[in-house]
Amino acid sequence: MSHLGSIVCKIKKLNHLKQLHAQLIQNSLHNQNYWVSFLIHLSTRFHAPPSYVALIFSSTPHPDINVYTSMFKYYSHLNAHHHLFSLFQHMQASHVRPEAIVYLVLIKYAGKSGIMFHAHVVKMGIGHDPYLRNVVMDVYAKYGPIEAARELFDEMTDRSSVDWNSMISGYWKWGNEVEALRLFNVMPERNVITWTAMVTGYAKVKDLESARRYFDQIPVKSVVSWNAMLSGYAQNGYAEEALELFDEMSNAGIQPNETTWVTVISACTLHGDPCLADSLVKKIEQKQIRLNYFVKTALLDMHAKCGSLKTARIFFDELGEYRNIAAWNAMISAYARVGDLRSARELFDRIPVKNVVSWNSMIAGYAQNGQSAIAIELFKEMIATENSKPDEVTMISVISACGHLGALDFGCWLVKFLNENNMKLSISGYNSLISMYSKCGSMKDAKRIFQEMEARDVVSYNTLIAGFAAHGYGVEAIKLISEMEEEGIEPDRITYIGVLTACSHAGLLEEGHRVFKLIKYPAIDHYACMVDLFGRVGELDEAKKLIDSMPMEPHAGVLGAILNASRLHKNVELGEFAANKLFQLEPNNSGNYVLLSNIYASAGRWQDVERVREAMVKGGLKKTTGWSWVEYKGKMHKFTVGDRSHERVDDIYRLLVELRSKLRRLGYTADKSCVLRDVEEEEKEEMVGTHSEKLAICFALLVSEVGAVIRVVKNLRVCGDCHTVIKMISKLEGRVIIIRDNNRFHHFIDGQCSCKDYW
DNA sequence: ATAGGGTTAG
């Protein structure tokens, strides 16, 4: 027994705990309630793995209330709420009568669902226990309704500072700054916890000056106060201030704890400076502090974001059983960030219990790596899964994916979903809607959302301007500059790129020039826009002059604008100049070869056309063929060249044949391009749908029998043949057709396209 | 025993 005593004295680590356990088994004491609750208590402190703790518990023949209480605390520590409830049922089945302390732990840690035990507490007549009473009130204050907390608070005749502090934090939590401040001012006795709650509260509403003012007034700061201020800076993006405060803290002789390290590591991550991160890791190693899984997860994330993915993975693997949901999520988003969706998905599928961030990381991963359709599929899976409710971040990713596909029907369904689930959007949420509507070709809705917003930021304006630019609404884009200045929002680099692009697409030379002069320090992209503007309206000399006057070397954007202008205005010499430079800059871009060969073709220089084509083949380049999409009843349909995989393929090809005879009857036989040529030359049905665009257009026609507007959305260039088909459909059927081609929109009405320089 | 601080997603 004295040997046991010496072991108990030495317990400081998980290993010592296991030694004690082994010793207890030797002495046959391992299943006695006193020792079991002691072991579980230590397991909580030393972060023992769940499997180990479960083993200790299950080998106890008749666990008493103390054992259960220790287990409740252990599971609370792990955030394993589901275990709490099954354990409570287990306890009731074993006829162990719950005491106040059990309810306290249950209510406190089971969070929102824990409050259902309030009724038990009242029924058992222990509702006046000062600790339990505070916990009930605190849970109401945290999870709502806060009015219920206030009722309990007002009923109390003997309020402690703990009760006051719970109410103040509660009001902050619900964004009620006024009431939090009022209680702070009238409470009889404030302590360091009260002050720290105020610091956190102000940091939460991004009022860091007030937060700092309260922080400076704290008579005796605790390490938690320092951590609160540090995290206030870090969470609001002030990495430098956080690191400065950390120095101040060290100078004041305050020992950082694990939470401090987690906050400081996240500040370094935010700073994105690998050297800084390295020096921090060394500092931590020097101090030989014990790293809990929180710190390890923060380090994992730091390496994933500004170090190496390999090191991050090492941390992830090392965490083993302690791996928490944040570690899984950090690793998934790390893989997604570098485009390794397979590794990301592999981890995602292995997560034991996913949370909303897991779903969001994976959905955003797909959305940001050009897999919009899969992103939407995963979202549908998410809302069909129990216990996984999407939040604003989810919706922003899905709305963005929807915009990339141009799926307007599904976009409208998402808006309905937002309303039905009472989801409030922040400015960025509204911005994503503006972008989605613009990309789906519905500027009316984009404008409506913009006007409905209570407050806008620079991104709201930039998004709407980019939409106007894509649709060729130049005047509207220019107007927004003055509107944003009236609202007190400063235009930035992106704003001017948008407005200049809009001027360019609308052919507004003078207006664009005036806007260009407003820019204090034009960036290279602004020059590219101006070159494009000069080029499109045919002022090729001015464009060339601007390039020569630029203070920087022209990049691919500038030269691409010149090449495109040379094609539009059939200028061989300038085209050759730009193309030769572009071949050096972007050897793998087949588009430049195609443009140059088009220029030669328009000048009738067929030998040169052939030469460019040969050079392209020699360089191993192929003209890229792509996919076209059409949305029908919220589902996207994808087509490619000669595609016969669609379920309504027979209908589609029949429609194409009908369209062909209709065109022929009306005398459209010898247009240089046209569908007819394909058929008559080859006399094969497969050739009818040589281009994916044609198939997509026909499908659109087939499915939108009622609608007046057909939206065809695609990523690649519309070929001459398709252009003819589109024109004919719009004329024959009297429909408006909107095509997204090269990220620009072309509105076809009565066989006319709104863009002057389009084909 | 009860109140204040921490990692992950757009």
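Proteins come first, then strands; the chains are lettered A, B, ... in the order of their sequence lines, and each starts at number 1.
- Between R97(A) and D64(A) there is no salt bridge, since no side-chain N of the basic residue sits under 4.0 Å from a carboxylate O of the acidic one.
- Across all strands, K305(A) comes closer than 4.0 Å only to sugar-phosphate atoms, never to a base (heavy-atom distances).
- Ion pair E392(A)/K424(A) not flagged as a salt bridge, since none of the NZ, NE, NH1 or NH2 atoms sits closer than 4.0 Å to an Asp/Glu carboxylate oxygen.
- Here T394(A) lies out of heavy-atom contact (under 4.0 Å) with every strand.
- In this structure, S428(A) reaches the bases: a heavy-atom distance under 4.0 Å links it to at least one base atom across the strands shown.
- The side chain of V135(A) has dT2(B) as its nearest neighbour among dT8(B), dG4(B), dT2(B).
- Distance check: R456(A) CZ to E454(A) CD gives 10.0 Å after rounding to the nearest 0.5 Å.
- Looking at heavy-atom distances under 4.0 Å, K142(A) makes contact with sugar-phosphate atoms alone, never a base.
- Using a 4.0 Å heavy-atom distance criterion, R190(A) is classed as making no nucleic acid contact.
- A salt bridge does not link E209(A) to R212(A): none of the charged nitrogens lies less than 4.0 Å from a carboxylate oxygen.
- Looking at heavy-atom distances under 4.0 Å, S222(A) makes contact with a base.
- In this structure, K108(A) reaches the sugar-phosphate backbone alone: every heavy-atom distance under 4.0 Å involves primed, P, OP1 or OP2 atoms, never a base.
- Looking at the side chain of F294(A), the nearest of the listed nucleotides dG6(B), dA1(B), dT2(B) is dG6(B).
- With distances taken from any side-chain atom of Y131(A) to the nucleotides dA1(B), dG10(B), dG4(B), the minimum falls on dA1(B).
- Across dA3(B), dT8(B), dT7(B), the shortest atom-to-atom separation from the side chain of Q235(A) is found for dT7(B).
- The residue D163(A) sits apart from the nucleic acid: no heavy atom pair falls under 4.0 Å.
- Residue contacts for V356(A): at a heavy-atom cut-off of 4.0 Å it reaches no nucleic acid atom on any strand shown.
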